[in-house]
Amino acid sequence: MRGPERLCDPQAFLEAIDGDAEAYGQMVDLFRETARVQVDRSVAAARAGRATELRDALHALAGSFAIVGARPALRRIEAMRGALARRDRGELLRLADGFPSEFEAVCAEMDRLREPCAQR
Amino acid sequence: MNAISFTPAGVPKRVLVVDDNPMNATLARIMLLRAGYEVHVEDSAPLALQYLDGHVVDVVLTDISMPGMSGLDLLDAIRANAGLADLRVVAHTAFAMPAQQSQFRRAGFDAIVIKPSTRDQLVGAIEVALRPRSGAPAS
């Protein structure tokens with residue numbers, strides 16, 4: 001039986017950096033710092049109805065979440081793009097409101113993986 | 001892992017990474033450094049052109065979708081500069097549809113690599129781009 005889907009799966013970039021704990025930590029810190037700004041920007045843009053800014057923020061986030069293999073968050077981004085295209089403001093706000101907590105959960109999962117990475 | 005190219009003097013090839021997303025830029029930099037290339041990073045096409053004005057680079061690895069000047073605009077600017085005739089340009093993009101890739105090939109990119117990429121895919125694309133062009137001696 002398959003378990004619940006993981007919030008992120010940074011296996012691909014762990015391989016790319018040879019499981020180097022220092023490089024992993026650098027990427028996690030960078031993710032936390034830069035994606036946080038874009039998540040906040042996307043939420044603010046969704047609330048204010050600033051479509052162009054929202055598209056730009058979602059584009060940046062899609063790149064960052066793809067690197068860490070955060071598939072549920074990537075689906076949220078696609079759903080937000082869809083709601084934006086349909087001009088479904090209610091759905092867009094619902095998705096945007098849940099974004100910060102999902103982002104924090106992804107960060108926590110990536111932090112949890114720091115230790116096994118350091119023990120390699 | 002793919003073997004990397006060196007200059008005739010035995011120096012690693014120099015790659016300029018252009019990406020406005022710090023995660024993408026940093027990961028590409030780490031991967032290419034670990035593969036053995038020399039790497040410099042710029043976060044916009046105008047800054048990349050400024051860097052190319054004063055530095056020798058073998059390959060530009062550029063994102064496509066950047067605010068203001070895109071990777072396609074950067075390619076056009078490079079191709080319009082006779083002093084950069086030998087410079088190879090690789091598209092590093094999340095646009096994975098075949099039609100989009102055909103568009104990039106027609107535009108004149110030497111290779112295309114889809115994000116997120118593995119180190120082998122990234123190095124493979126750089127090495128494809130560094131192959132001698134038809135009629136040109138290997139460097």
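Every chain is numbered from 1, with letters handed out A, B, ... down the list of sequences. Computed from a predicted structure; not experimentally measured.
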Q: Considering only NZ, NE, NH1 and NH2 on the basic side and carboxylate oxygens on the acidic side, decide whether B:D58 and B:R88 come within less than 4.0 Å.
A: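 Salt bridge between B:D58 and B:R88, a charged N being under 4.0 Å from a carboxylate O: no.
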Q) Side chain, backbone, both or neither: which part of A:E33 has an atom under 4.5 Å from a heavy atom of chain B? A)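 For A:E33, there is no contact with chain B at all, as no heavy atom is under 4.5 Å.
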Q.
Does any backbone or side-chain atom of A:T34 lie under 4.5 Å from a heavy atom of chain B? Answer side chain, backbone, both or neither.
A.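 It is the side chain, since no backbone atom gets that close.
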Can you tell me which portion of [X] sits under 4.5 Å from chain A's heavy atoms? Options are side chain, backbone, both or neither.
X	value
B:I30	side chain
B:N24	both
B:S117	neither

Q) Does the side chain of B:V18 reach to within under 4.5 Å of the side chain of B:S44, using non-hydrogen atoms? A)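 The answer is no; the side chains never approach within 4.5 Å.
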Q. Are the side chains of B:T93 and B:K115 in touch, meaning some heavy atoms are under 4.5 Å apart?
A.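 When only atoms from C-beta onward are counted, B:K115 and B:T93 do not touch, as no gap falls below 4.5 Å.
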Q.
Is there a path of hydrophobic side-chain contacts, each under 4.5 Å between heavy atoms, that joins B:V128 and B:L122?
A.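 Different clusters: B:V128 never reaches B:L122 through Ile, Leu, Val, Met, Phe, Trp or Tyr contacts under 4.5 Å.
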Q) Using 30° and 60° as the class limits, which term best fits the ring planes of B:F104 and B:F109: parallel, tilted or perpendicular? A)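 Perpendicular: the ring planes of B:F104 and B:F109 meet at over 60°.
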